[in-house]
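Whatever order the structure lists them in is the order used to number ligands and atoms, beginning at 1. Only this structure's heavy atoms are used, side chains among them; waters, hydrogens and symmetry mates stay out. Predicted model, so just to flag it, every value in this text is computed and none were measured.
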Amino acid sequence: MKFKVTVWNENLHEVENKEIGKLFPKGIHGCIAEFLDKAGMLTHTATLREPEHGLSDEVLNNTDVLIWWGHIAHPEVDDKIVEKVYKRILNGMGLIVLHSAHASKIFSKICGTDTGTLKWREDGEKEILWVVNPSHPIVDGLPEKIIIPQEEMYGEYFDIPAPDELVFISWFEGGEVFRSGICYHRNKGKIFYFRPGHESFNAFKMPEIQQVIINAVKWAAPISSPEFSHGFADPIMKITPSGDFPGVTNRGES
Ligand code: ZN
């Protein structure tokens, strides 16, 4: 099966800052789409300043997994688009939230909190991502730890609801720790937040980091979920009320 992935990016740092433009000549979205292409996925990219932020109904309806990178322009994202993305997630589309998108509108909506706050420091220090969930599909083929030579630090307390699954914990040279790989389930949708990926460093070019994102796409892709009905329900089998308690059914034999 070919996974259909849409990589969404603000695409502002790359355009506005020459150094970052040099690091990511095709944008962060282009860099991510490239390694997903090589992994055999059908990729599409979308950016903030396109009409509807590049996320038309047609694009969303043809997306198995949406990847989201944002940083300085979260407020520019139209609430109506966020609502559409959220509904697609509830209906089965996967979402991978990268790095500073912890403060994006869509991740806040998933978390049910407007804050998503954390500590940060841009000193280019070493980060070690430790696998803490060895049977999780997202760690398939990885070593027990990934060492990133230079990254921005994110530190706890990260103000999020307790994750459904915790996959990675990071250690930083300056002493902080962080829950760097976390999963949530919302109705039929699966969501993975992954911490690395600051715009002025090279984490997305590391094979191990790419492997995590490739694995996360496979994990977050929709399955053929059952269709559920809600509200008033007719009984599946005939109910025989005992008559002892009017209005209460009792099928037990005593
Ligand atoms: Zn950053």
In His198, the N/O/S atom nearest the Zn ion (ligand 1) carries the name ND1
Glu152: its N/O/S atom lying closest to the Zn ion (ligand 1) (atom name): OE1
Check: Asn17 side chain, His13 main-chain N or O, donor-acceptor pair, under 3.5 Å: no
Does atom NZ (Lys38) have a neighbourhood of more than 12 heavy atoms from anything else shown, all under 6.0 Å? no
What one should report as the nearest heavy-atom pair of Arg88 and Asn61 is CD-OD1, 3.6 Å
As a quick check of understanding, evaluate side chain to side chain donor-acceptor pair (under 3.5 Å) for Thr43 and Asp37, giving each step before the final call. CA-CA 6 Å; Thr43 62; Asp37 273 336; 2.7 Å; yes
Look at His99 and state whether any of its N, O or S atoms is less than 2.8 Å from the Zn ion (ligand 1). yes
Do you see an N/O/S atom of Glu122, backbone or side chain, under 2.8 Å from the Zn ion (ligand 1)? no
